[in-house]
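Worksheet: one structure, shown below.
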Amino acid sequence: MRTHLSAWLALPAFLSVLVVAVPSPAAYLQQPLPSPAAQQSTWRSISDRLIEAVWGTSKDGEDDYTRRKCSASARTLAPYGGDVVLRFNVSTAEEAQSLAEAADTLLLDVWDFTHNWADIRVSKAILPSLLTLLPTSLQHAHVPLIHERDLASAIENTFPGTNYPPKTATSHSPSSRQFSTLLPTSTGEDSWTFFHEYRPLSVIHPWMRLLSRLFSTHVQLITLGTSYEGREILGLQVGVPPADDQPETAGPRKTVLITGGLHAREWISTSTVTYIAYNLITSYGKVPSITDLLDEYDFVFVPTVNPDGYAYTWETDRLWRKNRQATTVRFCQGIDLDHGFGFEWDGLRTAGNPCSESYAGKAPFEAVESRQLAEWARRQKEEKNVEFVGFLDLHSYSQQILYPYSYSCDFPPPSQENLEELAVGMEKAIRRSSSYSYEPMAACEGNVALASRSRPRTLLPMLEQSGGSALDWFYHEMQVHFAYQIKLRDQGTYGFLLPSEHIIPTGREILDAVLFFGDFLREGYPKQDVEDVMEESAAPASTDDLELDDGEYTTGFGPRWDLRRRRK
């Protein structure tokens, strides 16, 4: 009975498969009707999947539950039988537009889209429907990135052992797991076994509490807010505040915010935030450059802004992206946090499709966790005398360092040269650390630009909406001078399912980038009043407002504020 009950609870996930398998009426007008034989084959496939989803058996009577009950991630694998990840090579605006419309029509899971590729997860059962919606040139311009069996294996391999996900423990309370095996037994990062595997929320939160107690002189556990399902959004504030007897002379406390896990399935982002936090915390008082940095700046680390979604990826669905907020469609939960912020929110494209992976809600900040993060940041600035000077939002994948703006390439940010300079510096720091290449560019170009050997870069239609991002909101609304979204490893071999052996190498290379970031800040930048510029940096009404002035662009809100150029 318990087996059948869990299968019924999984039925909404199966129904969502049915939804994406049926194109819209408009799509049917663009393609010939399938033959009776094809229709019969399709419905036979659907009925077989229904039997398996509800009763846990295949059409041949094999007990699916028995076959998978020893699997560490059996529940997380269930929705993805028969799915593949395809990489489409888009070369024209028509192809990009067709692929975007097909993704919207079929509610496909777009894994990644850059100026070089578009990766889409699709069920093999609906692949023919997808191809019929694409132009002939694009129907053959794709390759399997992750095959069906490889996808299941990659999901399985991201879990740390056969005991995950836990069947009884919840993520609301501290885990009873002992931390003796997670504490360092000798010097060196390899002795800190916490980073040898991905960790569930029930381990990460007690680990954060442990660090705040072990290093109470310069670490404070903070709560940024509460998630939709009631979990705490925890952060570690690392730095040495000024003495209590000098609050007035200290001035605003300069702070760098580093976040991960806005998208639940991007486990490497959460692990990388914890890796950087640990290394800064344990290096204070031992490494002079880091000691000086933490004496001057606070760093706030938020490993997972989306704790509900992250817990859900461990317990139910490994590839879940959104939060777990209720929507108008009962079996399509969740809002995409990174499309839910208030600056240039453009959620109307998915407003009627809560089943879309990039659903931005019905209005800006409807997503609870996005609103909680924004309200916390505003309180810090207005009530706690905090000046956010840096924002690093970690994601996966594609190895890019992206700076504002994400919503459009039409209006360059007022500090574009400074943003480019720091992005290039971080890229060099990463390359020196690991030989991995991260490409710095404007976030809008990372989404829609096409690079070709035979012609200059051109902009293509976006595969999904790009407004309402945390990157743009912190840069524009919070006036964070240096804001970036860093997309971590890799470039598609594993995608969101990066094996755990990449945790430490990825953490090490991004730590080097963060240290370069800190050095860049400490070298100083002009103390001119940039806030007046940022306050009036609303996008011009059109590109006609952009003017050229001695080789530098200016906008309707004045010249961009500049940083002293450093040649190294």
Side-chain angles (χ1 to χ4, degrees), residues 93 96-97 100 113-115 338-349 358 360 364-365 370 374 388-393 395 400-424 439-451 456-487 525-526 528-563:
Q97 185 64 36
F113 54 104
T114 72
H115 57 277
D338 202 32
H339 291 316
F341 287 80
F343 179 68
E344 292 295 334
W345 181 85
D346 62 352
L348 293 179
R349 176 171 166 180
S358 58
F365 290 119
S370 298
F388 289 100
V389 296
F391 174 62
L392 299 177
D393 183 25
H395 286 257
Q400 294 177 324
I401 301 175
L402 305 176
Y403 51 83
Y405 285 111
S406 175
Y407 79 96
S408 174
C409 287
D410 292 338
F411 315 110
S415 59
Q416 179 172 325
E417 184 178 344
N418 304 338
L419 291 165
E420 289 174 348
E421 181 179 356
L422 180 48
V424 169
E439 187 171 9
M441 64 175 64
C444 58
E445 290 190 11
N447 294 336
V448 300
L450 172 67
R457 177 171 292 181
T458 57
L459 300 181
L460 300 180
M462 298 182 180
L463 273 183
E464 65 178 35
Q465 64 199 42
S466 58
S469 69
L471 172 67
D472 288 357
W473 187 85
F474 273 93
Y475 177 77
H476 188 275
E477 298 296 323
M478 293 298 295
Q479 302 173 6
V480 179
H481 304 163
F482 299 103
Y484 298 89
Q485 181 185 103
I486 301 180
K487 291 191 173 183
Y525 46 89
Q528 65 192 67
D529 187 6
V530 300
E531 295 187 359
D532 291 342
V533 175
M534 297 296 288
E535 287 176 359
E536 299 184 12
S537 61
S542 71
T543 55
D544 294 337
D545 291 336
L546 299 178
E547 304 172 357
L548 295 178
D549 181 14
D550 297 329
E552 298 282 345
Y553 74 80
T554 61
T555 68
F557 51 82
R560 59 185 172 196
W561 35 278
D562 250 327
L563 182 83

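Every value quoted in this text rests on a predicted model; they were computed, and no experiment measured them.
Ring-centre distance between Tyr407 and Phe343: below the 6.0 Å cut-off.
Taking every heavy atom of both residues into account, Tyr475 and Ala483 meet most closely at CB-CB, 4.0 Å. When all heavy atoms of Met478 and Phe388 are compared, the pair lying nearest together is CE-CD1, 3.9 Å. What you find for Ala442 and Leu402 is that their closest heavy atoms are O-CD2, 4.2 Å. Here the closest non-hydrogen pair linking Ala443 and Leu471 is CB-CD2, 3.8 Å. Of all non-hydrogen atoms in Leu419 and Pro413, the two that sit nearest each other are CD1-CG, 3.9 Å. Heavy atoms only, all atoms of each residue included: Met441 and Glu445 are closest at SD-C, 3.7 Å.
Counting only heavy atoms from C-beta outward, the side chains of His395 and Asp338 approach each other to under 4.5 Å. Between Phe411 and Cys444, the closest side-chain pair of non-hydrogen atoms is not below 4.5 Å. Between Pro440 and Glu420, every side-chain heavy-atom pair lies at or beyond the 4.5 Å cut-off. Considering only heavy atoms from C-beta on, Ser466 stays 4.5 Å or farther from Tyr405 through its side chain.
For Phe474, the ring pair (Phe, Tyr, Trp, His ring centres under 6.0 Å) partners are Phe391, not counting sequence neighbours. Evaluation of the ring pair (Phe, Tyr, Trp, His ring centres under 6.0 Å) rule for Tyr484 yields no partner, not counting sequence neighbours. The side chain to side chain donor-acceptor pair (under 3.5 Å) check on Glu477 picks up nothing, with sequence neighbours excluded.
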Derivation and outcome, side-chain contact (heavy atoms from CB on, under 4.5 Å), residues Tyr403 and Leu422: CA-CA 10 Å; Tyr403 51 83; Leu422 180 48; over 6 Å; no
Trace of the side-chain contact (heavy atoms from CB on, under 4.5 Å) decision for His481 with Asn418: CA-CA 9 Å; His481 304 163; Asn418 304 338; over 6 Å; no
Ile486 and Leu392: CA distance, side-chain angles, deciding distance, side-chain contact (heavy atoms from CB on, under 4.5 Å) verdict: CA-CA 7 Å; Ile486 301 180; Leu392 299 177; 4.3 Å; yes
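The backbone N or O of Glu344 lies less than 3.5 Å from no partner atom in the side chain of Trp473, so there is not a single donor-acceptor pair. Although no hydrogens or angles enter the test, the distance criterion places a donor-acceptor pair under 3.5 Å between the side chain of Ser469 and the main chain of Asp472.
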